[in-house]
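Here you go, one structure.
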Amino acid sequence: MSDLLQGLNEAQRRAVQATTGPVLVLAGPGSGKTRVLTHRIAYLIREVGIDPYQILAVTFTNKAAREMKERLEALIGVEDTAALTVGTFHSLCARFLRRDCIHLGRERDFVIYDSDDQERLMRRVIRELNLDEKKYPPRAIQSHISGAKNELVDPQEYARLNRTYFDEIVARCYVRYQQLLAESNAYDFDDLLVEMVRLFAEHPEVLAHYHRRYQYLLVDEYQDTNRAQYLLVKHLAELNRNLFVVGDDDQSVYGWRGADIRNILQFEQDYPDAQVLLLEQNYRSTQAILDAAQAVIAGSGKRKHLKQLWTENGAGLHVSLHEGYDQNEEANFVVEEINRLVAAGDFGYGDCAIMYRINAQSRALEEALFGRGVPYQLVGGTRFYDRKEIKDTVAYLRIAANPYDSVSLLRVINWPGRGIGDRSENELIRWAGELGVPIYQALKELENDAGAQRSPFNSRTRNALLGFLQIVEDMQAARRRLSLGDLIDYLLERVAVREALEREHGADEAEDRWNNVQELRSVSVEYVNLPIEAQLPTFLEEVALVANVDRMDREANAVTCITLHQAKGLEYPVVFLIGLEEGLLPHSRSTDDRDKLEEERRLLYVGMTRARQRLYLSYAFRRMSFGRTNMSTPSRFLSTIPPVMLKQPKKRGFASSGQTQMFTERSGYSRSTASRWSSGSSGSSGSSRGSEQSGGPGEVTFFAGQRVRHGTFGEGVVMSSRLVDGDEEVTVSFADRERRLLSSFAKLQRIA
DNA sequence: TCCGCCTAGGTTTTT
DNA sequence: CCTAGGCGGA
């Protein structure tokens, strides 16, 4: 047997060795799907004899792509891996377009606009069309257009389809937005995919090239593909049909980004000769974690592929549930628990991850971690490349590559300040629009006296504009002769960046920002081996497409703080999921829509299944948001986990922060207890608490997160429960307010 | 044009 | 709470 199959289970081997033709692998979390993907590539090269040059693999992040290449290098050697093409849809499309965009009437040196650039451009469009920015927020318009692009709806079609007045406005913005993109020789994120599809559809000879080149196509996280990505795959695979996709509909969490779960659900209709393989054995988590996660996902009404996950990893410890008084106490609990685990010698800081729904939740965590001197790394939040001084510097570099990039041009036209204020800037935009030329060309008009004569500028403003134009021209000349590093040095000198930072900020802050700029400079050495003309474009492309998670350091001995979305595909021995509250998870913007709500549920499922050995869930009793403190309600998803699967502190109360010792108990998780509970309770949901107590005397029988019904107050969620003089005092959050009830007295029914 | 103070409004999630 | 944009004064 091939040594590439060693260590794989039967199902994995079948997937790795599947005959050519369309293959769909439905793989639960922790089932080794990345491993299968990697080994299949190795298998194709080594055993089937496929030229690595003819294999194209699509991953979800650049980081995943890099790791896959590294694993393959270890598996089959560097020489066979080098010719392989691995990347994300976006980075691959950027690369392909760089090669073939000429067929679309575009220049090679296009720039890629990120969300910030997109918003700036849209703001310009809205002003130009004399629309009210309050009524038509650029972000909102932009997101509608993005949605349209994900569905491959072009401006003309959008205008035809539109129903509401708002749509009509969007349609007008869409048309102008695309014009300005083209004029700037820019693609936004969505365009990279859309234009690639268009290229394939309109130029069969180009597609034929890709068919010849890429005979084998492999796609990871197929459940997260949107319509454009789906069509790209379809185009690329239609001739050779050697398509191998891996995914899990239970882990689909990017619907808001246009991902269409139907792509994976309908794979068998799209490819009738497809083989479908199932990977159900989980190698990552303990049974306790898996059971709790399955309980959450089982609560979903609409699952198509019902996978039954199992593991041989052993029962493990109970999943813990903690209630914090507020977000600070919650964070303190997490940090103290991490310290306890590390002190016990079972885990290192690098084994621990804290996951949350929104980035804003990281603030309290950072304070707690920093306050206790615990090393941590924050993934996300503001990206390095999102810092103002970095964006400004990069804007100059983009202009050097492509002076038609109007967003970058306008971004730095008055940075550092050179006497071109809002008024002059708006005049320039208006005048360029009137002439029907890009901003750069309008600036060049000012060079000759005839053009200047027709311009709306006085001589002082004209000189300021010409001064800026000179910088633009100098940058372009410099770009042709200098390496990337030298170009950055030239730029910093030419526009006096350091002096500008010192003028605008205090000495201390200027120092920080200058250091950031220097860090950007130091990144440039990574490109020094490329030919000079390729250094700048490659660098700019990575600046635009490299994600936060791509910069994460897995080896660091530090706690990882990360959003649930970014955590997809990762795993950690110890995972804390915090903020499991109504309004946060599920997020308040998702609670009124059935599909969105289901996506929130899957998000929790994804988070839970990141854990290998220990999983902690927590929520806060009250939470501050927007500077205001609100009472919170435990997430509805918590009530889908049978209480016997959870371990909670026995004593409640928020007074001290020294409660963390409550988790010191090391009792193991018992599968049979859990299954007995779930089978026994499912038949009698809604029955009142029976006379025989489930726990012995002195134990609480209601748990935070449970949903209950009361004769007078209606439905509510248990916030906490404690023993008072031998009776159980249950705090329940009802629709109107929170009430404390004595369980011997009040009739509380548990509901499913 | 620039600077600083003020307030209103905003937070999903990301390539 | 925080921040980007508006507005008044120099």
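Keep in mind it's a predicted model, so treat the numbers as computed, not measured. Here is how names work: the chains are called A, B, and so on, in the same order as the sequence lines, proteins then strands, and each is numbered from 1. Worth knowing before you read on, the calculation uses all heavy atoms, side chains too, and leaves out hydrogens, waters and symmetry mates.
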* Roughly, in whole Å, what's the span from CZ in A/R411 to P in C/dA4? ->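 A/R411 atom CZ is separated from C/dA4 atom P by 11 Å.
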
* **Proximity to the side chain of A/W256 - top-ranked nucleotide from B/dT12, C/dC1, B/dT14** =>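 Output: B/dT14.
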
* Contact under 4.0 Å: A/N359 side-chain N or O vs B/dT14 OP1/OP2 ->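 For B/dT14, OP1 or OP2 has a side-chain N or O of A/N359 closer than 4.0 Å.
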
* In whole angstrom, give the distance that lies between atom CG of A/D190 and atom P of B/dT14. =>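 That distance rounds to 16 Å.
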
* **Distance test, side-chain N/O of A/Q566 to OP1/OP2 of B/dT13, below 4.0 Å** =>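 For B/dT13, neither OP1 nor OP2 has a side-chain N or O of A/Q566 closer than 4.0 Å.
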
* Is it true that A/K391 and A/D114 make a salt bridge, defined as a side-chain N closer than 4.0 Å to a carboxylate O? ->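 Answer for the salt bridge query: yes.
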
* Separation of A/E119 atom CD from C/dT3 atom C1', in whole Å? ->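 Going from CD in A/E119 over to C1' in C/dT3 covers 13 Å.
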
* To do: Look at all strands and tell whether A/R363 reaches a base, only sugar-phosphate, or nothing, counting heavy atoms closer than 4.0 Å.
  =>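 Result for A/R363 = sugar-phosphate.
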
* Asked: In whole angstrom, what separates A/R139's CZ from B/dT13's C1'?
  ->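 Value for this atom pair: 11 Å.
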
* Residue of the set A/E581, A/E599, A/E600, A/E582 for which salt bridge (charged side-chain N to carboxylate O under 4.0 Å, His left out) holds with A/R357 ->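 Of the listed residues A/E581, A/E599, A/E600, A/E582, the salt bridge (charged side-chain N to carboxylate O under 4.0 Å, His left out) partner of A/R357 is A/E600.
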
* For the side chain of A/T563, starting at C-beta, report the closest nucleotide among B/dT11, B/dT15, B/dT13. =>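 For A/T563, the side-chain atoms sit closest to B/dT13.
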
* Asked: Whole Å only: how far is the CD1 atom of A/I562 from the P atom of B/dT13?
  ->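 The distance from CD1 of A/I562 to P of B/dT13 comes to 13 Å, rounded to the nearest Å.
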
* Asked: Which listed nucleotide (B/dT14, C/dG5, B/dT12) is nearest to the side chain of A/R123?
  ->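 The listed nucleotide nearest to A/R123's side chain is C/dG5.
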
* Do any side-chain nitrogens or oxygens of A/R589 fall under 4.0 Å of OP1 or OP2 in B/dT12? ->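 For B/dT12, OP1/OP2 do have a side-chain N/O of A/R589 under 4.0 Å.
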
* Asked: Expressed in angstrom and rounded to an integer, what is the separation of A/D116 atom CG from C/dT3 atom P?
  ->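 Computing the A/D116:CG to C/dT3:P distance gives 15 Å.
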
* A/D326 CG to C/dC1 P, straight-line distance once rounded to whole Å ->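 Going from CG in A/D326 over to P in C/dC1 covers 14 Å.
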
* If a protein heavy atom is under 4.0 Å from the base, mark B; if only from the sugar-phosphate, S; if neither, -; do that for nucleotides 1-10 of chain B going 5' to 3'. => SS-------B

* Angle class for the A/Y254/A/F60 ring planes (parallel below 30°, perpendicular above 60°, tilted otherwise)? ->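 The arrangement is tilted - the two ring planes meet at 30° to 60°.
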
